[in-house]
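Note that the coordinates shown come from a computational prediction; the quantities given were computed from them, not determined experimentally.
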Amino acid sequence: MRLVYITLFCIAFITISCGSQSQKADKAGYVDLYSKEFKQKLDNEKGIILDVRTAEEFSEGHIPNAINIDFYQDDIFASELGKLDKQKSVFVYCRSGGRSQKSAEILSTLGFEKVYNLADGITDWKENGFEVVK
């Protein structure tokens with residue numbers, strides 16, 4: 001089973017890496033939101049809040065109720081994503097939006113239908129005065 005998730009992750013990564021910007025925008029399968037919209041959607045929809053930063057970054061402060069799955073832990077990242085409930089909305093974020101964008105693309109590839117990416121990351125979230133817990 002682990003091999004299946006790793007294989008899916010690799011296929012998603014190659015597909016994402018080789019596509020052009022316009023293809024990514026057309027076929028992304030997720031929605032980029034900035035902090036205010038992300039917070040509003042999160043308040044209204046409830047779902048899984050996924051922080052894809054490192055454990056160290058997560059411990060420095062995260063969005064309340066977030067779970068942490070480190071994007072850089074290739075060996076377990078895809079398998080941990082596969083354990084999440086695909087029926088729920090997934091709100092994904094990182095520091096500035098890069099890792100979470102790639103994670104949102106992977107989530108979409110794995111069959112998650114309601115994926116929201118915090119476009120400018122927790123940095124923008126904090127700048128807008130939204131709650132962060134340690």
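Residues Asp124 and Glu127 form a side-chain contact, since some pair of their non-hydrogen atoms from C-beta on lies under 4.5 Å apart. Using a 4.5 Å cut-off on side-chain heavy atoms (C-beta onward), Arg95 and Glu57 make contact. You'll find the side chain of Val52 stays beyond 4.5 Å of the side chain of Tyr93, heavy atoms only. In this structure the side chain of Ile106 never reaches within 4.5 angstrom of the side chain of Phe112, judged on heavy atoms.
A distance below 6.0 Å separates the ring centres of Phe71 and Phe77. Taking the six-membered ring where the residue is Trp, the centroids of Tyr30 and Tyr116 are separated by 6.0 Å or more.
In this structure, Glu113 places its CD atom where only 12 or fewer heavy-atom neighbours from other residues, nucleotides or ligands lie under 6.0 Å away. Atom CG of Asn128 has more than 12 neighbouring heavy atoms from other residues, nucleotides or ligands inside a 6.0 Å radius. Counting non-hydrogen atoms of neighbouring residues, nucleotides and ligands closer than 6.0 angstrom, the NZ atom of Lys36 reaches no more than 12 such neighbours.
Atom CD of residue Gln40 and atom OG of residue Ser35 lie 12.5 Å apart, to the nearest 0.5 angstrom. Between Lys102 atom NZ and Arg99 atom CZ the span is 9.5 Å, to the nearest 0.5 Å. Atom CD1 of Ile69 sits about 9.0 Å away from atom OG of Ser103, to the nearest 0.5 Å.
Side-chain N or O atoms of Lys114 include none that pairs as donor or acceptor with a backbone N or O of Phe91 at under 3.5 Å. No side-chain donor-acceptor contact under 3.5 Å links Glu45 to the backbone of Leu42. Side chain of Asn68 to backbone of Arg53: a donor-acceptor contact under 3.5 angstrom is found.
Using a cutoff of 4.0 Å between basic side-chain nitrogens and carboxylate oxygens, Lys83 and Glu80 are scored as salt-bridged. Using a 4.0 Å cut-off between charged nitrogen and carboxylate oxygen, Glu131 and Lys39 do not count as a salt-bridge pair.
Of all heavy-atom pairs spanning Cys94 and Ser100, the tightest one is SG-N, 3.4 Å. Pairing each heavy atom of Asp51 with each of Ala66, the nearest pair is CB-CB, 4.4 Å.
Transitive grouping of hydrophobic side chains (ILVMFWY, heavy atoms separated by less than 4.5 Å) brings Ile122 and Phe38 into a common cluster. Hydrophobic clustering places Ile49 together with Val132 (ILVMFWY residues linked when any side-chain heavy atoms are closer than 4.5 Å, directly or through intermediates).
Under the side-chain contact (heavy atoms from CB on, under 4.5 Å) rule, Leu50 has a single partner from Leu118, Ile63, Ile67, which is Ile67.
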### Query
Checking side chain to side chain contact (heavy atoms under 4.5 Å, CB included) for the pair Asn117/Leu33: CA distance, chi angles, key distance, verdict?
CA-CA 6 Å; Asn117 175 46; Leu33 299 173; over 6 Å; no
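Applying the ring pair (Phe, Tyr, Trp, His ring centres under 6.0 Å) test to every pair with at least one member in residues 43-63, sequence neighbours left out, gives these pairs: Phe58-His62.
A donor atom on one side chain and an acceptor atom on the other are not found under 3.5 Å apart for Asp70 and Thr54.
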